[in-house]
Amino acid sequence: MQKSFKYLILLLIFNLGCVSVKYSMVDGSIDAETFNVDLFEEAAPNAPAGYGATYADFLKDFIISRSKLKLNQTKSDISISGKVTYYNTSPVSVQSNEVAALNSLTVRLDVIVINSKNPDQSFEASFSQFSNYNSSDDLSVVEAELLEDINTKLSQDIINRLTSNW
């Protein structure tokens with residue numbers, strides 16, 4: 001009995017050695033080496049002056065820090081452009097005295113990504129994100145912090161779409 005148990009153990013070890021597991025993301029890589037980001041047009045009337053340029057710079061830094069892509073403004077494999085189409089605050093949580101406890105700043109971007117190396121990975125999409133703040137806070141005081149949060153979320157959405165091709 002011990003002899004057959006040893007053979008069973010050896011057989012299991014041998015079979016485990018023959019099994020291989022391969023992990024990969026579905027279409028998880030970007031078929032490109034370089035990118036550029038054009039200034040985002042400010043089509044939303046409430047957007048602060050210069051927000052399109054500020055967001056374009058933020059997106060460049062975000063992509064550089066989180067991908068293998070290298071910035072090349074002259075001739076690049078991926079070109080990203082877009083416009084700010086919505087920039088607005090609205091009440092989120094109305095209390096019994098009809099005063100909002102929270103407000104929300106929402107930003108929507110229409111983005112065009114052109115991949116000249118692999119046109120199948122090109123796309124046009126809208127991305128929208130928000131960040132809440134206390135209604136007692138002045139927007140001009142908390143706006144930079146809110147935009148940091150929103151810009152991070154928007155940039156992550158763009159990279160996710162770029163790398164997953166969904």
Side-chain angles (χ1 to χ4, degrees), residues 21-94 100-135 137-166:
V21 179
K22 186 176 181 181
Y23 295 98
S24 66
M25 291 177 62
V26 177
D27 206 11
S29 63
I30 302 170
D31 186 16
E33 295 174 11
T34 59
F35 78 100
N36 72 0
V37 177
D38 294 333
L39 294 180
F40 275 61
E41 178 187 338
E42 295 168 15
N46 297 341
Y51 176 66
T54 302
Y55 179 73
D57 288 340
F58 185 93
L59 182 59
K60 287 176 196 174
D61 293 340
F62 195 87
I63 292 172
I64 289 169
S65 68
R66 289 170 176 78
S67 75
K68 64 176 180 145
L69 296 173
K70 302 206 180 337
L71 182 63
N72 183 347
Q73 286 296 112
T74 55
K75 185 177 181 200
S76 59
D77 300 327
I78 295 178
S79 178
I80 301 171
S81 61
K83 61 183 165 181
V84 182
T85 57
Y86 187 81
Y87 189 102
N88 205 11
T89 59
S90 58
V92 175
S93 174
V94 178
L102 289 175
N103 287 333
S104 180
L105 174 62
T106 303
V107 177
R108 184 175 57 237
L109 304 175
D110 288 348
V111 178
I112 300 169
V113 174
I114 298 171
N115 186 331
S116 59
K117 202 169 181 183
N118 186 351
D120 290 339
Q121 291 182 349
S122 298
F123 64 87
E124 291 184 33
S126 288
F127 298 95
S128 181
Q129 286 293 343
F130 67 93
S131 192
N132 295 332
Y133 63 100
N134 286 328
S135 62
D137 293 339
D138 185 359
L139 178 62
S140 63
V141 173
V142 296
E143 191 169 27
E145 183 181 329
L146 297 172
L147 286 177
E148 182 77 21
D149 179 48
I150 291 170
N151 290 348
T152 299
K153 292 174 187 176
L154 288 168
S155 299
Q156 188 62 55
D157 288 347
I158 292 169
I159 283 189
N160 288 347
R161 174 69 189 263
L162 188 62
T163 58
S164 67
N165 208 14
W166 45 269

Distance check, rounded to the nearest 0.5 Å: [X] atom [atom1] versus [Y] atom [atom2]?
X	Y	atom1	atom2	result
Leu39	Thr54	CG	OG1	9.5 Å
Leu102	Ser135	CG	OG	7.0 Å
Leu146	Gln129	CG	CD	13.0 Å
Ile63	Leu69	CD1	CG	7.0 Å
Asp137	Asn103	CG	CG	9.0 Å
Thr152	Leu147	OG1	CG	10.0 Å

Practice task
Give every residue pair that meets the salt bridge (charged side-chain N to carboxylate O under 4.0 Å, His left out) criterion with at least one member in residues 72-92, sequence neighbours excluded.
Solution key: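 Salt bridge (charged side-chain N to carboxylate O under 4.0 Å, His left out) check on residues 72-92 returns no pairs.
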Would you check if [X] and [Y] make a side-chain contact, meaning some heavy-atom pair closer than 4.5 Å?
X	Y	answer
Asn151	Phe62	no
Val111	Phe127	yes
Leu154	Phe58	no
Tyr51	Val107	yes
Ile80	Ile112	no

Exercise for the section: Dump the intermediate steps for side chain to side chain donor-acceptor pair (under 3.5 Å) on Asn36 and Ser79, then the final yes or no. Expected result: CA-CA 5 Å; Asn36 72 0; Ser79 178; 3.1 Å; yes
So, using side chain to side chain contact (heavy atoms under 4.5 Å, CB included) as the criterion, who are the partners of [X] when residues are at least two apart?
X	answer
Asn72	Thr34, Thr74, Ser76
Asn115	Ala32, Ile78, Lys117, Asn118, Gln121, Ser122
Thr106	Tyr86, Ser104, Ser128, Phe130

Practice task
Tell me, with the steps shown, if Val142 and Asn134 meet side-chain contact (heavy atoms from CB on, under 4.5 Å).
Solution key: CA-CA 9 Å; Val142 296; Asn134 286 328; over 6 Å; no
Exercise for the section: Not counting sequence neighbours, which residues clear salt bridge (Lys or Arg N to Asp or Glu O under 4.0 Å) with Lys60? List them please. Expected result: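 In terms of salt bridge (Lys or Arg N to Asp or Glu O under 4.0 Å), with neighbours along the sequence ignored, Lys60 is linked to Asp57.
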With sequence neighbours left out, write down each residue that passes side chain to side chain donor-acceptor pair (under 3.5 Å) with [X], or none if nothing qualifies.
X	value
Ser81	none
Ser67	none
Ser65	none
Asp38	none

Practice task
Grab the two heavy atoms, one from Leu71 and one from Ile64, that are nearest each other, plus how far apart they are.
Solution key: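 Distance-wise, the nearest heavy atoms are CB-CD1, 4.0 Å.
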Problem - Least distance between heavy atoms, Ser116 atom then Pro119 atom - result: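 The answer is O-CD, 4.3 Å.
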Handout entry: Residue pairs fulfilling side-chain hydrogen bond (donor to acceptor under 3.5 Å, both in side chains) with at least one residue in residues 139-149, sequence neighbours excluded
Key =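 For residues 139-149, and leaving out neighbouring residues, the side-chain hydrogen bond (donor to acceptor under 3.5 Å, both in side chains) pairs sorted by first residue read Tyr87-Glu143, Ser131-Asp149, Asp138-Ser140, Asp149-Lys153.
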Exercise for the section: If a pair satisfies side-chain hydrogen bond (donor to acceptor under 3.5 Å, both in side chains) and one of its residues is in residues 39-49, list it, with sequence neighbours excluded. Expected result: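 Non-adjacent pairs meeting side-chain hydrogen bond (donor to acceptor under 3.5 Å, both in side chains): Asn46-Asn88.
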Exercise for the section: Flag yes if more than 12 heavy atoms outside Glu33 fall under 6.0 Å of its CD atom; otherwise flag no. Expected result: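 Counting neighbours around CD of Glu33, 12 or fewer heavy atoms of other residues, nucleotides or ligands fall under 6.0 Å, so no.
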Exercise for the section: Could you pull out all residues at least two apart from Phe35 that satisfy ring pair (Phe, Tyr, Trp, His ring centres under 6.0 Å)? Expected result: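 None.
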